[in-house]
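I have placed the structure first, in the form of structure tokens, so that the comments after it can refer back to it.
All figures in this text were calculated on a predicted structure; none of them were measured in a lab. Note: hydrogens, waters and symmetry copies are ignored here, and every other heavy atom, side chains too, is used.
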Amino acid sequence: TYKVLDLARIRSSGLDQGQLELLPTQQPRRDESGRVVRPPRPRTLVVGPNEFMFLTASGDDTTLGVIVTARGEALRGTLQFPAYPVSIVYDEPHVIAVFATGRIDVYDTRSEPRVVQSVVGDVPDLMRVRRACVCAGGWVSTRVGRREAIDASDLRVFEPNRLHEAVSGRDRAMWTEAVDEEVEWRRELVDEAEPPVWPGPDRQNGLDRKTASLSRWTDANIVVLGSDSLHILAPQPQLIHIDALLHQQHVKEAVSLVDAALKGTTISMQSDEVEYCMQMAGMVCLKNMQLDDALLYFQRGHMDPRALLYLYPSHAEYAGPLLVPFAHIAMAPTLRQLFYEIGDLQSIASPEQQSQTEDLLEQYLEFCRTQMNTNEPPYASDAVPVIDTVLARVYADNMRHAKFSALVQGPNSVVGDIACAYLESAHKYYSCSLVYMAQGDVRSGLDLWRRLLEGEVSDERFGGMAEYLEYILGDLGDGVGHGLVDEYYWLVRHDVGASRHILACLTDDTVAVLDADRVVGDMQAVGAQREFIERLIAANHTRAPHFTTILLTAYVAEAAQSTDPQSGFQSAQARDLGLTFQSYVASEHSSRARLVEMLGAQRSVFDASKVLACIEDAGNLGVERAMVLARLGRRDEAVEALVKAGDYAAAEMLLLRPMARESLARLAKQDASDKATDVARLLHLYVSVVDDDMAARLVSRLLDTYSEHISASTIEELPEHWMLGVVEPFVRHKLSDLAQSERASSVQRSVAIAHEQNARMQCAGDLINHGPVVLGVAQTCGVCRKLLGSSAFVYEPQSKQVKHISCA
């Protein structure tokens with residue numbers, strides 16, 4: 001019998017006065033076979049203050065749930081169950097009944113219709129339902145994509161005040177022992193990852209309800225326990241609804257729900273739930289080739305760039321060992337399935353969309369690269385070399401030259417071996433060289449440039465010799481080191497003219513140790529050889545004399561076959577007798593001008609004997625022969641050769657003005673000689689000049705300039721047919737010199753007489769002032785040390801010396 005007991009009345013009045021009988025319970029009975037059938041266990045339930053519900057079975061297998069007050073009044077009516085419940089629980093205003101078949105009904109005790117929800121499901125005997133209970137404020141974690149009743153492998157239930165400890169992993173105790181202790185916690189959105197640390201018990205109910213508005217967590221109202229199973233009746237999380245929309249390809253509606261859930265909440269854009277929704281939205285759009293939308297959602301959801309690369313098999317193969325296996329990339333199973341369904345993105349793209357798929361990859365990798373520079377990068381650190389290395393290929397393939405240069409030349413994590421191997425195989429040699437140089441392998445980069453300059457390979461991006469020289473002269477060094485020297489050796493063989501730019505930048509110390517034989521052997525242009533040999537000379541190279549000799553002999557051979565400038569020189573010399581042949585040809589650019597310049601350069605060092613023999617074999621290079629003779633110290637022969645060649649000014653400077661700036665006497669040390677003899681020799685050579693008029697001009701000029709070194713008798717050696725005007729200046733100089741000599745002698749005699757007279761007067765004055773001076777027989781002169789005897793003498797009071805008057 002069901003009874004209502006009033007404990008207070010029982011204590012005060014006795015048991016009979018304190019109980020109210022309601023209905024009898026079912027009793028055991030015998031069935032048709034005579035076996036005793038036990039009735040279901042009586043069940044009661046508190047459904048409110050002083051309100052109770054009890055179950056009673058009718059004869060047609062139906063069961064009634066009668067709700068009464070403590071006085072036995074049925075105010076809320078009676079519930080009718082299809083079978084006798086295994087367990088009943090009350091959650092205002094609902095009664096939840098659990099049946100042996102696994103069916104769960106929810107009844108409303110205050111309104112019609114009574115049944116508001118019914119979950120029907122058959123369960124095996126081993127999982128038969130035992131009982132149900134209410135989780136007051138408990139939280140249930142569900143697996144995204146599971147919208148039906150959830151079994152124990154997908155469910156964890158926690159007490160509100162123990163939620164923080166359970167999720168953090170410090171206490172894995174179940175709220176109910178019905179869930180197997182061995183069930184391993186798995187995050188629902190990301191496989192094989194640690195669960196997030198949820199807010200602690202200091203927050204209301206252990207969890208911020210606003211934060212849970214877009215979550216896989218929900219209030220667990222009713223939990224149904226089986227022998228080894230667990231079911232829940234709980235409000236569906238918003239995340240599951242959004243996930244369902246995404247599976248139905250209602251992307252915009254799902255994203256709008258996400259955005260609405262984010263407003264006014266503390267949910268982070270990088271939370272697992274938000275990232276999952278955005279990544280799913282992006283993959284759905286990508287599958288439908290809505291590439292712009294897919295890029296936007298990937299950026300919002302921080303899709304792992306390594307996963308995206310697997311949709312581009314060629315790029316995934318290129319990245320090679322940098323990529324972790326796709327199965328090891330943390331990802332929700334439903335998301336991973338979409339990757340498998342798409343496979344090769346470019347294979348499902350139309351020809352018009354091929355470039356757009358590449359643009360999507362490029363833009364997303366650029367986005368990822370910027371995100372990795374933030375304080376909290378959203379991707380794993382090992383994704384950085386993948387991003388940079390793949391971006392290098394994408395930029396090169398898509399002809400993004402400025403971006404490629406900025407990437408490889410700035411701070412980056414490009415794996416050079418992988419990038420260069422691909423770029424060279426794709427014939428992108430210039431891009432490959434930039435990677436080499438940016439990563440410090442300058443030698444490999446310059447080797448590629450050499451191949452480009454030699455025409456072995458081609459790349460229109462390469463700036464040619466101009467870019468090569470700009471790098472060599474600007475970035476490679478300042479003229480010191482093996483790098484620049486190696487490039488000079490190569491450039492001499494490839495482009496002698498361009499090699500001059502490097503030669504000009506080499507320091508003298510570097511030039512001094514160059515392999516001169518190798519350089520000269522590779523040179524073909526004489527002009528380049530000359531410039532190189534001049535640098536050898538300036539740098540005091542040990543092989544400079546040898547190569548200077550070779551160069552001079554080459555100039556001699558060319559000069560002997562070139563047009564003779566002698567006639568032009570003679571015309572100019574007729575106007576200016578002081579003009580030398582060396583000065584005349586200095587403004588020309590002929591091989592003879594270069595020969596004269598090198599022979600007349602004081603710093604030139606060469607084998608003069610070999611050069612002289614070569615010049616004498618040529619036969620028509622008189623001035624050059626004289627220059628070499630002067631260098632050998634054979635001055636007289638050089639003068640004679642100059643006069644014979646018509647270079648009279650050079651002959652005069654060599655013989656009579658050795659200190660002049662253009663004098664050939666500077667080329668070698670000359671023996672000292674008498675000036676008068678040299679003038680007489682030159683005069684003799686001038687007289688023998690074939691051109692009588694030129695000879696007369698030369699002799700007249702020499703007589704006028706060096707008259708003091710020429711005797712008057714020289715006139716007798718001149719040809720009688722020369723006019724008086726040739727010797728007139730000389731005669732006038734001589735007469736003037738004679739007159740000046742006589743006047744000088746008269747003045748000297750007068751000065752001597754006056755000096756003697758002054759000395760006598762001074763001595764007389766001293767005698768008067770100082771009295772007599774007595775000399776002994778042995779007194780000697782203070783100057784000549786001879787006995788004074790009876791000679792006149794002078795006494796100097798200051799020095800007290802006695803001197804002959806002639807010595808004073």
Salt bridge (charged side-chain N to carboxylate O under 4.0 Å, His left out) between Glu487 and Arg443, worked out
CA-CA 10 Å; Glu487 295 309 306; Arg443 179 73 274 145; 2.5 Å; yes
Determine, step by step, whether Phe339 and Met331 satisfy the side chain to side chain contact (heavy atoms under 4.5 Å, CB included) criterion, reporting the C-alpha distance in whole Å, the side-chain angles of both residues, the deciding distance to 0.1 Å, and the verdict.
CA-CA 10 Å; Phe339 274 90; Met331 186 181 302; 3.6 Å; yes
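- The shortest non-hydrogen separation linking Gln346 to Gln354 is O-NE2, 2.7 Å.
- Classification of Asp359 and Arg400 as a salt-bridged pair holds, one side-chain N sitting under 4.0 Å from a carboxylate O.
- The OG atom of Ser355 sits 13.0 Å away from the CG atom of Asp397 when rounded to the nearest 0.5 Å.
- Summarising the local packing, CG of Asn288 is surrounded by more than 12 heavy atoms from other residues, nucleotides or ligands at distances under 6.0 Å.
- Using a 4.0 Å cut-off between charged nitrogen and carboxylate oxygen, Arg461 and Asp459 do not count as a salt-bridge pair.
- Residues satisfying the side chain to side chain contact (heavy atoms under 4.5 Å, CB included) criterion with Ala281, sequence neighbours excluded, are Leu246, Val251, Val255, Tyr297.
- Contact of the Val284 side chain with the Gln290 side chain is not registered, since no non-hydrogen atoms from C-beta on lie closer than 4.5 Å.
- Of all heavy-atom pairs spanning His302 and Pro378, the tightest one is CD2-CG, 3.5 Å.
- Across all their heavy atoms, Ala294 and Gly282 have their closest contact at CB-O, 3.5 Å.
- By the 4.5 Å heavy-atom criterion applied to side chains, Tyr430 and Glu467 are counted as neighbours.
- Rounding to the nearest 0.5 Å gives a distance of 9.0 Å between CG of Leu452 and CD of Glu456.
- With a 4.5 Å cut-off on side-chain heavy atoms, Leu361 and Leu309 count as touching.
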Does the pair Trp449 and Tyr429 meet the rule for a ring-ring contact (aromatic ring centres under 6.0 Å, His included), with working shown?
CA-CA 8 Å; Trp449 283 13; Tyr429 301 104; over 10 Å; no
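- A 4.5 Å side-chain heavy-atom check between His427 and Cys432 finds every atom pair outside the cut-off.
- Annotation: side chain of Ile418 is not in contact with side chain of Tyr422 (no heavy-atom distance under 4.5 Å).
- Put simply, the side chain of Leu295 does not reach to within 4.5 Å of the side chain of Phe367, judged on heavy atoms.
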Walk me through whether Thr374 and Gln371 qualify under side chain to side chain donor-acceptor pair (under 3.5 Å).
CA-CA 5 Å; Thr374 59; Gln371 292 297 303; 4.8 Å; no
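- The nearest pair of heavy atoms linking Pro411 to Arg369 is O-NH2, 2.9 Å.
- Arg450 contributes no side-chain N or O that, together with a main-chain N or O of Gly445, makes up a donor-acceptor pair within less than 3.5 Å.
- The two residues Gly464 and Leu453 have their closest heavy-atom pair at C-CD2, 3.7 Å.
- Using a 4.0 Å cut-off between charged nitrogen and carboxylate oxygen, Arg300 and Glu275 do not count as a salt-bridge pair.
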Would you check, one step at a time, whether the test side chain to side chain donor-acceptor pair (under 3.5 Å) holds for Glu358 with Tyr312?
CA-CA 9 Å; Glu358 286 292 329; Tyr312 297 80; over 6 Å; no
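- We find the CG-SG distance between Leu245 and Cys277 to be 10.0 Å, quoted to the nearest 0.5 Å.
- Atom CG of residue Asp607 and atom CG of residue Leu552 lie 10.5 Å apart, to the nearest 0.5 angstrom.
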Worked verdict on Asp304 versus Gln279 for side chain to side chain contact (heavy atoms under 4.5 Å, CB included):
CA-CA 9 Å; Asp304 193 321; Gln279 290 175 14; over 6 Å; no
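- Applying the ring-ring contact (aromatic ring centres under 6.0 Å, His included) test to every pair with at least one member in residues 393-421, sequence neighbours left out, gives no pairs at all.
- In this structure, the separation between CG on Leu311 and CE on Met283 is 5.0 Å, given to the nearest 0.5 Å.
- For CG of Asp447, the number of neighbouring non-hydrogen atoms (other residues, nucleotides, ligands) closer than 6.0 Å is greater than 12.
- Taking the salt bridge (Lys or Arg N to Asp or Glu O under 4.0 Å) definition, one finds that Lys403 meets it with Glu362, Glu366, sequence neighbours left out.
- No donor-acceptor pair closer than 3.5 Å links the side chain of Ser444 to the backbone N or O of Tyr436.
- For the pair Asp388 (side chain) and Asn412 (backbone), a donor-acceptor distance under 3.5 Å is absent.
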His247 and Met280: side chain to side chain contact (heavy atoms under 4.5 Å, CB included), yes or no, with the steps?
CA-CA 9 Å; His247 279 80; Met280 280 292 294; 3.9 Å; yes
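- Gln439 has its side chain out of reach of Val408: every pair of non-hydrogen atoms, C-beta onward, lies at least 4.5 Å apart.
- Ring orientation note: the planes of Tyr340 and Phe326 are nearly perpendicular, at an angle over 60° on the 30°/60° scale.
- Contact record, Tyr276 with Ala332: CE1-CB, 3.5 Å, taken as the closest heavy-atom pair.
- Relative ring orientation between Tyr364 and Tyr379 is described as perpendicular, the plane-to-plane angle rising above 60° on a 0-90° scale split at 30° and 60°.
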Could you go step by step and tell me if Lys287 and Ile348 meet the side chain to side chain contact (heavy atoms under 4.5 Å, CB included) rule?
CA-CA 9 Å; Lys287 188 175 181 180; Ile348 65 175; 5.8 Å; no
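- In this structure, the side chain of Ser256 engages the main chain of Glu253 through a donor-acceptor pair within 3.5 Å.
- By the 4.0 Å N-to-carboxylate-O rule, Asp382 lies close enough to Arg306 to be salt-bridged with it.
- Summarising the local packing, CD of Glu317 is surrounded by 12 or fewer heavy atoms from other residues, nucleotides or ligands at distances under 6.0 Å.
- Atom CD in Gln249 sits 9.0 Å away from atom SG in Cys285 (nearest 0.5 Å).
- Two residues are said to be in side-chain contact when any heavy atoms from C-beta on lie closer than 4.5 Å; Leu360 and Leu286 meet this criterion.
- In terms of modelled atom types and a separation under 3.5 Å, the side chain of Thr389 and the main chain of Val415 share a donor-acceptor contact.
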In sequence, state the C-alpha distance, the side-chain angles, and the governing distance for Trp490 and Glu454, and then conclude on side chain to side chain donor-acceptor pair (under 3.5 Å).
CA-CA 11 Å; Trp490 174 81; Glu454 291 172 346; 2.7 Å; yes
